[in-house]
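Accompanying notes for the structure given below.
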Amino acid sequence: MPRLRNLGRGWILTASIVVFVVFRTVWSGHWNFPLDRATLTPFHTWLGSLMDSVDANRTSNPLMANIVEVLRTAISNFVTMLQQLISEPAPNASYPFIGWLGVIAIVGWVVYATANWRVALLAMVGFYAFGALGFWTESMDTLALVIASVVIALLIGIPLGVLAGLFPRVEQVLTPFLDFAQVMPTFVYLMPVALFFLIGPASATIVTLIYAVPPALRITAVAIREVPIVTVEAGTSLGTTRWQLLRKVQLPQAKRTIVVGVNQTIMAALSMVTIAALIDAPGLGQVVVSSLQKLDVGTSFQAGLAIVVMAIVLDRATTAAAERVERESTGHESRRQWRRPLLAVGFVGVLIAVYLSHTYLVAAQFQGEGSIGVPIANATQTAADWVQLHWGAATSAYTDWVSTWFLNPLQNALVNAPWFVTAAVVLVWACTFGGRRLALVAAGLIAVLVGTGLWSDSMVTLAATFFAAAITVIIGVLLGAWMGRSTIVDRIVRPVLDAGQVLPAFVYLVPFLGLFGATRFTAILAAVVYAAPASVKLIADGVRGVPETIREAAVSAGASTWQQIVKVELPTARHAIALATNQGLIYVLAMVVVGGLVGAGGLGYLVVAGFAQSSLRGKGMAAGLAIVVLGILIDRITQAASRPRERAEIGATH
Amino acid sequence: MTTSISVRDLWKVYGPNPERIVGSPDALLSRSELRRKTGCTAAVRDVSFDVAEGEVFVVMGLSGSGKSTLVRCMTRLVEPTAGSVSIQGEDILHADASRLREIRRSKFSMVFQHFGLLPHRRVVDNVAFGLEINGMRRDQRHARAQEVIELVGLQGYEQAYPAQLSGGMQQRVGLARALASDPAVMFFDEPFSALDPLIRRDMQTEVIRLHNEVGKTMVFITHDIHEALRLGDRIAIMRDGGIVQVGTPEELIAQPADDYVANFVLDFPKSHVLTLRWIARPATSDDELRGPELPATMVVRDAARTILDAAGPVRVVDGGQLIGVVSTEEVLAVIAGVHA
């Protein structure tokens with residue numbers, strides 16, 4: 001009796017909210033673990049001393065000395081080598097081995113060889129722009145880190161991905177780790193990694209690997225599995241060895257998708273390398289972080305622009321390379337006669353440019369550094385000041401209104417309620433959506449959350465996350481339904497969303513900082529902008545996927561456009577909406593904590609404070625743990641809720 | 001005629017502990033009962049047959065009848081649960097991995113429903129693929145590929161990529177690839193099902209022509225009774241994993257083993273397949289045995305004119321022996337679709 005069951009579920013959720021409101025009013029401010037920003041619990045102190053002991057035993061502990069330190073040195077040397085090549089001078093030199101002219105020539109040649117001349121031109125102009133924006137060295141530092149991370153990520157991700165694609169058992173073993181790495185907000189593993197690998201390029205590379213290996217691995221596995229079974233059978237029936245089958249049948253056909261994976265890996269790496277500035281990764285991210293902390297909108301915009309340019313260049317170049325691989329491998333690319341000689345001539349040109357840039361100052365040191373960047377920064381700062389001055393009243397009236405009516409009530413409700421009341425509601429929901437098993441998992445996670453001593457801060461973060469996710473989903477439904485119904489709207493909006501997803505999360509803080517200053521709104525709006533593209537696309541695809549016959553049936557029954565959307569399309573696409581909610585929450589959580597940098601409170605602030613003050617290290621670490629717990633809790637419950645009803649019910653009955 | 005392929009007591013059971021089913025009383029259960037009782041599905045159940053050297057042996061069945069699994073068991077793309085398969089006197093199921101590769105490279109080859117061409121290789125390299133993995137030198141394998149490309153009528157398309165060819169042309173590449181290693185046996189897994197009817201007919205003609213030219217033993221899987229009757233020297237009809245009947249096209253039409261087979265052949269013009277042997281009746285004293293004499297192996301369609309023109313019954317002889325007579329009524333009965 002599905003109808004009764006549905007009713008039951010809705011009823012339970014409503015009832016649990018009513019009970020929550022009643023108890024939180026009666027017991028407001030009791031058993032809710034308030035904690036001062038500077039106060040430490042014994043757990044925090046213990047974590048801090050644990051970290052101190054890791055520091056102290058760096059050279060004496062055999063595990064640390066033989067594995068961690070060796071790894072750190074190796075990665076560090078690799079990055080340093082790349083840096084000395086393009087960004088930082090070697091100790092005995094005054095300029096990096098290859099100057100700006102050489103780098104731009106190499107970039108142009110490589111992009112032309114792997115993609116086409118148009119994108120090569122774009123790449124060269126983009127690289128020139130790094131210098132003109134005033135950040136040649138910082139850009140090259142970022143690039144060196146991206147290259148190092150991507151090379152290592154692919155060396156790990158592709159072979160493991162091939163194995164996972166070939167052997168389901170390998171995939172089963174790897175999946176939980178990949179899930180965990182992707183759900184965990186990037187922000188939180190900075191500190192633990194930095195603890196073991198010290199701040200600097202090595203840690204930056206490792207945190208980037210955690211973030212960038214999963215897409216490389218997953219996409220490679222999919223690519224291998226997607227190879228049509230009939231070609232595998234054909235190969236086998238002709239007597240291939242396993243190795244021949246992989247090399248001659250599976251890999252060539254998987255190549256195109258693997259190149260898409262390389263693109264994803266590069267974009268993930270760029271995103272993470274900028275955030276890794278918090279643990280002293282060199283490059284553009286540092287400029288953004290320091291200017292964000294100084295609330296210097298002009299400079300952060302200037303550096304943010306350089307990051308955007310790099311994102312666009314890297315994305316376009318790898319996408320075009322993927323398209324080229326596709327066309328070439330199925331004979332749709334006519335191989336032009338003059339391409340090969342041109343590449344040879346170009347290679348000589350590159351060698352000359354590299355030689356010049358190694359030898360002559362003009363070609364080594366970027367000329368006219370900041371020639372367009374400084375004016376841009378000044379103009380932005382002026383604009384931001386003007387907005388603050390003239391619109392300040394309007395924006396603060398708006399933020400006050402939202403605070404009074406939405407954000408504060410939500411936050412007060414969560415912060416002031418006794419912890420066990422909130423926990424009981426979470427458990428009821430977990431049980432309703434995912435059965436007793438999920439409720440048990442949730443209970444364990446809540447216990448850890450209470451144990452961190454940061455219940456109150458967690459609730460602040462949770463309130464901001466709920467609020468931002470709600471806006472994200474509303475935008476997703478409105479824009480997604482529109483895009484799903486109209487091909488023209490889809491064609492216009494989708495590229496914007498795609499571009500939005502490519503940009504490193506960090507960049508989104510910049511414009512909102514200009515508008516709202518250092519408030520939690522900056523963090524919330526940045527989170528919405530960061531999370532919206534994924535939600536919108538999921539819902540648009542869901543609405544688009546509504547079978548034409550269902551739509552026609554509704555129209556022929558005389559449904560108005562509004563009725564079609566509300567009664568047919570959105571309900572049919574409800575699985576996509578549920579998924580969009582799940583993704584929205586995860587993305588938002590990741591970004592809301594980054595907002596700790598610009599004045600948002602809660603867990604994110606504690607993590608940032610932990611970076612800044614060594615006395616708060618333990619607390620920052622505990623905050624990181626709390627974020628992870630919140631992330632897993634939100635992910636598990638919303639995933640269970642978004643699963644098709646029948647399966648969830650089977651789960652709920654035993 | 002020597003035996004090329006011999007299949008004995010072959011089983012393929014999917015599900016938990018499939019080995020326990022074979023030889024147990026459960027093996028006698030019907031497919032759905034077996035599934036309900038044990039959770040196992042018998043895709044191929046207790047199949048035995050022989051294929052003679054140079055014969056075209058067709059396995060016919062609807063989807064889900066186990067025919068594709070059967071051919072995959074014979075080539076060990078799927079591991080059978082029990083039974084034996086020997087090809088050219090060699091036990092396939094006991095070959096170790098390297099011997100199996102050896103057999104696949106030299107003794108048999110396979111043509112697939114969805115072609116299974118490698119999209120990143122040109123036609124010539126697709127055709128030469130089997131030779132390449134066998135370590136043949138590039139110029140040699142290209143020379144051999146050129147021969148078979150001409151044999152299947154693909155000359156001029158050597159440098160094209162599969163995506164640039166029509167479905168029929170792609171399957172010619174599949175055929176050429178299977179012929180390239182000059183195998184003794186060729187397996188066809190519904191090779192023409194994905195093609196439209198006219199092309200399908202062309203390709204059937206092509207297979208008949210190739211069979212006449214190269215004379216390979218062929219095992220041909222299809223769900224199309226017309227294709228089966230057109231190509232097969234003998235046909236095995238499969239249902240629910242087992243073989244219902246094996247026989248020549250003539251035998252299937254004249255003596256279907258059960259209603260299932262009879263239903264299959266119902267629409268097929270019997271006069272095209274049946275020979276006089278099947279419709280001859282014993283001569284009675286009333287018959288005047290002065291009319292023309294026809295061989296027992298002549299199909300009804302070809303004999304019809306003579307019989308209808310004759311004044312009395314026509315004598316049917318087999319090797320000089322009179323086996324009966326045929327008159328207008330018997331011929332009309334066959335042509336009108338009512339079996340006398």
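Here the structure is a predicted model, which means the values were calculated and not measured. Lettering of chains follows the sequences in order, A, B, ..., and the numbering in each one begins at 1.
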**Message:** If the contact rule is any heavy atom under 4.5 Å from chain B, which residues of residues 149-157 of chain A qualify, in numerical order?
**Reply:**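 When heavy atoms of chain B are the reference, residues 149-157 of chain A contributes no residue within the under-4.5 Å range.
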**Prompt:** If contact means a heavy atom pair closer than 4.5 Å, which residues of residues 247-255 of chain A contact chain B?
**Reply:**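 Against chain B, the residues of residues 247-255 of chain A that fall inside the cut-off (heavy atoms, under 4.5 Å) are A:Lys248, A:Val249, A:Pro252, A:Gln253.
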What's the separation between atom [atom1] in [X] and atom [atom2] in [Y], rounded to the nearest 0.5 Å?
X: B:His120; Y: A:Thr231; atom1: NE2; atom2: OG1; result: 9.0 Å
X: A:Thr240; Y: B:Phe129; atom1: OG1; atom2: CZ; result: 6.0 Å
X: B:Ile133; Y: A:Leu245; atom1: CD1; atom2: CG; result: 8.5 Å
X: B:Phe187; Y: A:Ser237; atom1: CZ; atom2: OG; result: 10.0 Å

**Prompt:** How about B:Gln113 and A:Val230: do any of their side-chain heavy atoms sit closer than 4.5 Å?
**Reply:**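 Not in contact.
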**Item:** Nearest non-hydrogen partners of B:Gly116 and A:Ala234, listed with the distance
**Value:**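 That would be O-CB, 3.7 Å.
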More than 12 foreign heavy atoms under 6.0 Å from [atom1] of [X]: is that the case here?
X: A:Arg544; atom1: CZ; result: yes
X: B:Tyr157; atom1: OH; result: no
X: A:Arg242; atom1: CZ; result: no

**Request:** Could you give me the CA-CA distance, side-chain angles and deciding distance for B:Glu132 and A:Gln244, then say whether side chain to side chain contact (heavy atoms under 4.5 Å, CB included) is met?
**Result:** CA-CA 10 Å; B:Glu132 179 183 334; A:Gln244 283 175 325; over 6 Å; no
**Message:** The criterion is side chain to side chain contact (heavy atoms under 4.5 Å, CB included); which residues satisfy it with A:Ala321, sequence neighbours excluded?
**Reply:**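 Scan of A:Ala321 (side chain to side chain contact (heavy atoms under 4.5 Å, CB included), adjacent residues dropped) gives A:Thr114.
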**Request:** Against chain A, label B:Leu117 side chain, backbone, both or neither, depending on which of its atoms sit under 4.5 Å from a heavy atom there.
**Result:**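 Contact with chain A is through the backbone of B:Leu117 alone.
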**Asked** Is it the backbone or the side chain of B:Arg76 that comes under 4.5 Å from a heavy atom of chain A, or both, or neither?
**Response**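 Nothing of B:Arg76, per the 4.5 Å heavy-atom cut-off to chain A.
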**Request:** Only counting residues at least two apart or in another chain, list the ones meeting ring pair (Phe, Tyr, Trp, His ring centres under 6.0 Å) with A:Phe177.
**Result:**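 Once residues adjacent in sequence are excluded, A:Phe177 has no partner under the ring pair (Phe, Tyr, Trp, His ring centres under 6.0 Å) criterion.
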**Request:** Quickly, which of B:Arg105, B:Arg177, B:Arg104 forms a side-chain contact (heavy atoms from CB on, under 4.5 Å) with A:Leu238? Name it, please.
**Result:**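 It is B:Arg177; the other options fail the test.
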